[in-house]
Participant: 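Handing you a structure now.
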Amino acid sequence: MDRGFFSNVELRTPGGRLYYALAVITLLVIAVFSLFPFFFALTSGLKDSTEIFAGGLNLLPNIPRWENYGRAWTLFEMPRLFGNSFLIVGVGVVLRLLVSAAAAFSLSKLKPFGGRIISLGFMLTLLIPSIAYFVPLYTTIAKLPVVNISLLNSYWGLWLPYCVDAFSIFVLKTFFDRIPGDLIDSARVDGANALDMLMYIIIPLSRSILVVLAVLAFVGLWKDFLLPYLVLTDPYTQPITVRLFYIADDYSVNLQMAASFMALLPPLVIAILLQRYMKIGLTLGGVKG
Amino acid sequence: MNAPYALDTELAAPTKKHRQPIKLSNLRAALPRQLTAYLFLLPALATFALFAWMPIVNSIQMSFQDVQLGGTATWAGLDNFELMLRDPVFGIAWKNSLEFASWSLLLGYFVPVVIAILVREMRHGKAFFRVVYFLPTVVPAAVSVIIWRFIYDPDGGVLNEVLAQFGIARQLWLQDVGLAKPALVAVMTWAGFGTTALIYLASLQDVSQELFEAAELDGATPFQRIIHISLPHLYPVMSLMFVLQVIAVVQVFTEPFLLTNGGPGRETLTPAMNIYTRAFIRMDMGYASAWSVTMILVLLVFSIIYRVVNRKLSANAD
């Protein structure tokens, strides 16, 4: 049976019951703190613009004004902002996984000369905080070397830097290393080329870890602020995280709250629906078995 | 852009391979295979080179240069670093970082440990608590600051209203010199504690139940079982989390940038914000790079010290 430091028998004693009750209360109090900003944004978004500043502890609106959400949806031009965000993040996730899977497959199964040195090069980027090389990263995006193309105000200026993720490469490589080499060899005998092996053997076998990395990448890229803020100066192309903050002040607070709550929903829904994968993803790097 | 657990080198370390002697005949046979191998590596190599390796080298190079707006750079030796050390902002920003780190450890370091130990004990609703604590971590800072600045709002903000119920006077949370830092750290803690708690919880699930049973038979109280079994099991992860938390706080940018813009005065100005201001507002990229290199060095020294201390401690424990 599942037990912690308390056995199930001890939990039925008065002391055990008291402890358990206190633990539940503590956890619930922390849960209230954790959820409060979500709840606060949702209900503040339902108040009218005088009620929201009425003072006192009236957390719930007198009359919930759901029409605020409709107004915020059109005033903040949410469809376009969501569309931009989904396009930036969606393509970013797919490209990151493709680039990382191809690299991990090569390092794991194709044994390139100098693979160890290349791995060290990838690893280096995990040790250096990205804010520390952010300035030259921006100048590179503003003017790509040799070809002299500027990626400013282009989604490629985000998609290409988003491909750089050593964490995904190493997680995938560790996973691919566990796929038996015999499978690859027998496919080779049957005349499969490297692309076939990746597409028809490796990727189908690693679907679960790919979903884990995709969820992590989605949430991570949806949160990104500084890079899209600097790369996309045209308001029509900006993702929701960048645009919302800058137009928020033009509208009343209740509409700001309604818009913020709607902006939180996509990562929130993903985190709730795919919590199993998120949990695996979070503990991938943090805990070593 | 980086994954949250940026320093996990052990996971990332390449596996040792048995080296085979290279022969010319092998080489010719291997050539097509090597070409394919590099073809698959090419997209990663190209993007890493353009958007990570080159910028890292450039950052170091530019810190020794005077970079003009048009892109022309002249060698400036250590001028940028001398200027930086004489800049009063240097002391202020790093002192702020240190205070941020202290506040963040004070407010947020032990809470996840307690949460993990308590949730581990739950017989029902484990999944519920896991999700609830985890939700704030997926919220973009740029959105959460809109909500938080209204929570902190001096007139009508809910925090002041709650405190008013207990007879506590209104506070200017984000404008008060003494309160701005802890108020910001509270936002960061809210956004981050769930991840850490989940990592501790996952680690606690590995404690074998037989250990607790044996301790119980030997007469250890539940509290002693926490002290002597649960906590020692968490120490290695806790020390890793200590480093990761400090590293994350030192790099912090978005929250102070959007919530207080460094204010009041320069109370919440961080090194990362100063890099941004110098490079993109004042267009002095050489000087900003000197700050970047300093940040790399500070974090490097910090993680080396951590490694040495950690090795000493674990050597003593054996």
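Residue numbering restarts at 1 for every chain, and letters A, B, ... go by the order of the sequence lines.
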Participant: Quick one: closest heavy-atom pair of A:Ser168 and A:Arg96, and the distance?
Facilitator: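 In this case the closest contact between A:Ser168 and A:Arg96 is OG-CD, 4.1 Å.
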Participant: Using the rule given for side chain to side chain contact (heavy atoms under 4.5 Å, CB included), can you reason through B:Phe212 versus A:Phe6, listing the C-alpha separation, both sets of side-chain angles and the distance that settles it, and then say yes or no?
Facilitator: CA-CA 8 Å; B:Phe212 287 124; A:Phe6 263 114; over 6 Å; no
Participant: Select one option (side chain, backbone, both, neither) describing which atoms of B:Tyr133 are under 4.5 Å from chain A's heavy atoms.
Facilitator: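 Both backbone and side chain of B:Tyr133 come within 4.5 Å of chain A.
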Participant: Check whether B:Val139 gets within reach of chain A through its side chain, its backbone, both or neither, counting any heavy atom under 4.5 Å.
Facilitator: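 For B:Val139, heavy atoms of backbone and side chain both lie under 4.5 Å from chain A.
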Participant: Heavy-atom cut-off 4.5 Å, strictly under: side chain, backbone, both or neither for B:Phe129 against chain A?
Facilitator: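 When you check distances to chain A, only side chain atoms of B:Phe129 fall under 4.5 Å.
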Participant: Need one label for A:Ser100: side chain, backbone, both or neither, based on atoms under 4.5 Å from any heavy atom in chain B.
Facilitator: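 A:Ser100 has no heavy atom closer than 4.5 Å to chain B.
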Participant: Heavy-atom distances under 4.5 Å only: say whether B:Ala164 touches chain A with side chain, backbone, both or neither.
Facilitator: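 Contact with chain A: none, neither part.
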Participant: What part of B:Glu121 lies closer than 4.5 angstrom to a heavy atom of chain A: side chain, backbone, both or neither?
Facilitator: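 Both parts, heavy atoms under 4.5 Å.
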Participant: For B:Ile117, which atoms come within 4.5 Å of any heavy atom of chain A: side chain, backbone, both, or neither?
Facilitator: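 Looking at B:Ile117, backbone and side chain both touch chain A.
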Participant: Please look at B:Thr36 and chain A and tell me whether the side chain, the backbone, both or neither of the residue comes under 4.5 angstrom of a heavy atom of that chain.
Facilitator: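 For B:Thr36, backbone and side chain are both near chain A.
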Participant: Measure distances from B:Trp291 to the heavy atoms of chain A and classify the residue's part below 4.5 Å as side chain, backbone, both or neither.
Facilitator: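 For B:Trp291, there is no contact with chain A at all, as no heavy atom is under 4.5 Å.
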Participant: Does any heavy atom of chain A fall under 4.5 Å from the side chain of B:Asp153, the backbone, both, or neither of them?
Facilitator: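 The side chain, not the backbone.
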Participant: Does any N or O in the side chain of A:Ser108 come within less than 3.5 Å of the main-chain N or O of A:Phe105, such that one atom is a donor and the other an acceptor?
Facilitator: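 Absent.
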Participant: Could you report the tightest heavy-atom contact between B:Ala197 and B:Ala116, atom names first, then the distance?
Facilitator: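 Closest heavy-atom pair between B:Ala197 and B:Ala116: O-CB, 3.9 Å.
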Participant: Relative to chain A, which segment of B:Thr254 carries a heavy atom at a distance below 4.5 Å: side chain, backbone, both, or neither?
Facilitator: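 Just its side chain gets close to chain A.
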Participant: With a 4.5 angstrom heavy-atom cut-off, is it the side chain or the backbone of A:Leu198 that approaches chain B, or both, or neither?
Facilitator: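 A:Leu198 touches chain B through side-chain heavy atoms alone.
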Participant: Quick check: does any side chain N or O of A:Asn254 sit under 3.5 Å from a backbone N or O of A:Gly45, one acting as donor and the other as acceptor?
Facilitator: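 No, the answer is negative, given that no donor and acceptor are paired below the 3.5 Å cut-off.
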Participant: Residue by residue, scan residues 27-36 of chain A and write down, ordered by number, those that have a heavy-atom distance under 4.5 Å to chain B; if none do, write 'none'.
Facilitator: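 Under the 4.5 Å heavy-atom cut-off, A:Leu27, A:Leu28, A:Ile30, A:Ala31, A:Phe33, A:Ser34, A:Leu35, A:Phe36 qualify.
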Participant: Identify which part of B:Val119 has an atom lying under 4.5 Å from any heavy atom of chain A, answering side chain, backbone, both or neither.
Facilitator: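 Both backbone and side chain of B:Val119 come within 4.5 Å of chain A.
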Participant: Which atoms of A:Val24 are under 4.5 Å from chain B, going by heavy atoms: the side chain, the backbone, both sets, or neither?
Facilitator: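 Both parts, backbone and side chain.
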Participant: Report which part of B:Leu299 has an atom under 4.5 Å of a heavy atom belonging to chain A: side chain, backbone, both, or neither.
Facilitator: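 Only the side chain of B:Leu299 comes within 4.5 Å of chain A.
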Participant: Identify which of A:Ile141, A:Ile272, A:Leu230 forms the greatest number of heavy-atom pairs closer than 4.5 Å to chain B.
Facilitator: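 Answer, by heavy-atom pair count under 4.5 Å with chain B: A:Leu230.
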Participant: Evaluate salt bridge (Lys or Arg N to Asp or Glu O under 4.0 Å) for B:Arg225 paired with B:Glu213, printing each intermediate quantity in order.
Facilitator: CA-CA 10 Å; B:Arg225 287 171 227 158; B:Glu213 272 157 23; over 6 Å; no
Participant: Counting only heavy atoms closer than 4.5 Å, note whether A:Ala101 contacts chain B via side chain, backbone, both or neither.
Facilitator: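 Interface part for A:Ala101: neither.
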